[in-house]
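Computed from a prediction, not measured in an experiment: that's the story for all the values here. Because only heavy atoms are used, hydrogens play no part in the values below, and waters and symmetry mates are left out as well, while side chains stay in.
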Amino acid sequence: MDISNSIKLWSPDDRPREKLLEKGAHALSDAELIAILIASGNRNETAVELARRILSSVENNLDQLGKMNLSDLKQFKGMGEVKSLTVLAAMELGKRRRASQTKAKSSITCSADAYERFLEHMSDLMHEEFWLICTNRAQHILATRKVSEGGLSATVADPKKIFRIALEYNASSIIVGHNHPSGEVTPSSQDDQLTWRLRNAGKMLDCTLLDHIIVTNHSYYSYADEVRMEQP
């Protein structure tokens, strides 16, 4: 690696560290923040230029950057194991910060609360998972449990297992959710059928299905918000 592309040797106007000290982190671009993490570029690129190229490979989408693994990052010239691990660690800290904000909420008051709780567990997954939130009559969270996981496009959610978990916590109501790795929030016919089965089973067991949330990194679909809990 050519040390001429080390950040400390750049002109003052081009140094993201100095820019952060003078103007604050909010003034830096995504590439400049990543450049601080990796500290140096390669023989042909500065750290900022290398960071821009990495971001360009994921269409400047930080969510997509968060899905990259060690091997993905090491494919870029100048990104050795230490630099790549530093970026991965920073992305994980970002996820944990969001998760800690979600954990501070002990109750579910709307579909957005449920979405944030599910997103904590299902963001950036490349396969489907099915999760369950158990609540009491005041809609305070009793437990958040994974029910199952599947492949790229489907997972199996057994109503018997779902309500067995709910009864284990003596839940008065439940909210279920699963992710669509494709990013498409529109429910499938299978999603509809499962929702109606769970709704009907919940009535028999005096354990109300409050909502079924379809989760993606950027948005969600709520059966309760769309008034689609009952079978037409």
Check against side-chain contact (heavy atoms from CB on, under 4.5 Å), L209 and V176: CA-CA 8 Å; L209 175 66; V176 298; 4.0 Å; yes
Working note: L50 + I54, criterion side-chain contact (heavy atoms from CB on, under 4.5 Å); need CA distance, chi angles, decisive distance, verdict. CA-CA 6 Å; L50 174 56; I54 294 170; 4.2 Å; yes
Would T208 and I174 count as a side-chain contact (heavy atoms from CB on, under 4.5 Å) here? Give the steps. CA-CA 6 Å; T208 304; I174 60 172; over 6 Å; no
Could you go through W131 and V147, starting from their C-alpha distance and side-chain angles, then the distance that decides it, and tell me whether this counts as side-chain contact (heavy atoms from CB on, under 4.5 Å)? CA-CA 5 Å; W131 283 74; V147 177; 6.0 Å; no
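No side-chain heavy atom of E128 sits less than 4.5 Å from a side-chain heavy atom of E149. Proximity of V87 to M79: side-chain heavy atoms (C-beta onward) are separated by under 4.5 Å at one or more points. Side-chain atoms of D63 and K67, non-hydrogen and from C-beta on, never get closer than 4.5 Å to each other. Between Y221 and R228, some side-chain heavy-atom pair lies under the 4.5 Å cut-off. Proximity of P187 to T195: side-chain heavy atoms (C-beta onward) are nowhere separated by under 4.5 Å. Looking only at side-chain heavy atoms (C-beta outward), L21 and R15 stay at 4.5 Å or farther from each other.
Note that CG of L119 and NE2 of H218 are 10.0 Å apart. Values are rounded to the nearest 0.5 Å. With rounding to the nearest 0.5 Å, the separation of CG in L205 from CG in N200 is 11.0 Å. Once rounded to the nearest 0.5 Å, the distance linking CG of L132 with CD1 of I175 reads 9.5 Å. To the nearest 0.5 angstrom, S57 atom OG is 7.5 Å from L65 atom CG. Atom CG of residue L88 and atom CD of residue E81 lie 10.0 Å apart, to the nearest 0.5 angstrom. For the atom pair L20 CG and L33 CG, the distance stands at 7.0 Å (nearest 0.5 Å).
A side-chain hydrogen bond (donor to acceptor under 3.5 Å, both in side chains) check over residues 160-178, counting only residues at least two apart or in different chains, returns the pairs T135-S173, R145-Y169, D158-K160, H178-H180, H178-D191, H178-H212. The list of salt bridge (Lys or Arg N to Asp or Glu O under 4.0 Å) pairs with a residue in residues 171-188, not counting sequence neighbours, is empty.
Looking at residues two or more places apart in sequence or on another chain, you find a salt bridge (Lys or Arg N to Asp or Glu O under 4.0 Å) between R53 and E45. E226 pairs by the salt bridge (Lys or Arg N to Asp or Glu O under 4.0 Å) definition with nothing, not counting sequence neighbours. The side-chain contact (heavy atoms from CB on, under 4.5 Å) test applied to L167 returns no partner, not counting sequence neighbours. Applying the side-chain contact (heavy atoms from CB on, under 4.5 Å) test to E230 and every residue at least two apart in sequence or in another chain returns R199, K203. Residues meeting the salt bridge (Lys or Arg N to Asp or Glu O under 4.0 Å) test with D124, sequence neighbours left out: K95. Residues that satisfy the side chain to side chain donor-acceptor pair (under 3.5 Å) test with S56, not counting sequence neighbours, are absent from this structure. Every side chain to side chain donor-acceptor pair (under 3.5 Å) that Y223 has, sequence neighbours left out, goes to D192. Y220 is linked by a ring pair (Phe, Tyr, Trp, His ring centres under 6.0 Å) to Y115, counting only residues two or more places apart in sequence or in another chain. In this structure Q193 satisfies the side chain to side chain donor-acceptor pair (under 3.5 Å) test with no other residue, sequence neighbours excluded.
Of the N and O atoms on the side chains of S111 and D211, not one donor lies less than 3.5 Å from an acceptor on the other residue.
In the hydrophobic cluster analysis, where Ile, Leu, Val, Met, Phe, Trp and Tyr join through side-chain heavy atoms closer than 4.5 angstrom, M229 is grouped together with L198. Linking ILVMFWY side-chain heavy atoms closer than 4.5 Å, directly or via other members, places L194 and V215 in two distinct hydrophobic clusters. By the rule that hydrophobic residues join a cluster once side-chain heavy atoms approach within less than 4.5 Å of another member, I213 and F163 end up as members of separate clusters. Taken together through direct or relayed side-chain contacts under 4.5 Å among Ile, Leu, Val, Met, Phe, Trp and Tyr, L210 and F118 form part of one hydrophobic cluster. Hydrophobic clustering (ILVMFWY, side-chain heavy atoms < 4.5 Å, transitive): I38 and L55 are in one cluster.
The two residues P181 and L125 make their nearest non-hydrogen contact at CB-O, 3.8 Å. The shortest non-hydrogen separation linking S123 to N217 is CA-OD1, 3.4 Å. Of all heavy-atom pairs spanning L28 and P16, the tightest one is CD2-O, 3.5 Å. Pairing each heavy atom of C207 with each of A166, the nearest pair is SG-CB, 4.0 Å. Residues A47 and S40 approach most closely at CB-C, 3.7 Å, considering heavy atoms. Looking at every heavy atom in both residues, R17 comes nearest to A39 through NH2-CB, 3.6 Å.
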Throw together a table of side-chain donor-acceptor distances under 3.5 angstrom for residues 69-77, partners on residues two or more places apart or in other chains.
| residue | atom | partner | partner atom | Å |
| --- | --- | --- | --- | --- |
| N69 | OD1 | S71 | N | 3.1 |
| N69 | OD1 | D72 | N | 2.8 |
| D72 | OD2 | N69 | N | 3.0 |

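For E116 (side chain) and D113 (main-chain N/O), no donor-acceptor pair under 3.5 Å exists by modelled atom type. A donor-acceptor pair is defined here as one N or O able to donate and one able to accept, closer than 3.5 Å; no such pair exists between the side chain of E22 and the backbone of K19. In this structure a side-chain-to-backbone donor-acceptor pair under 3.5 Å is present from N179 to E129. The backbone N or O of G78 sits less than 3.5 Å from a side-chain atom of K83, completing a donor-acceptor pair.
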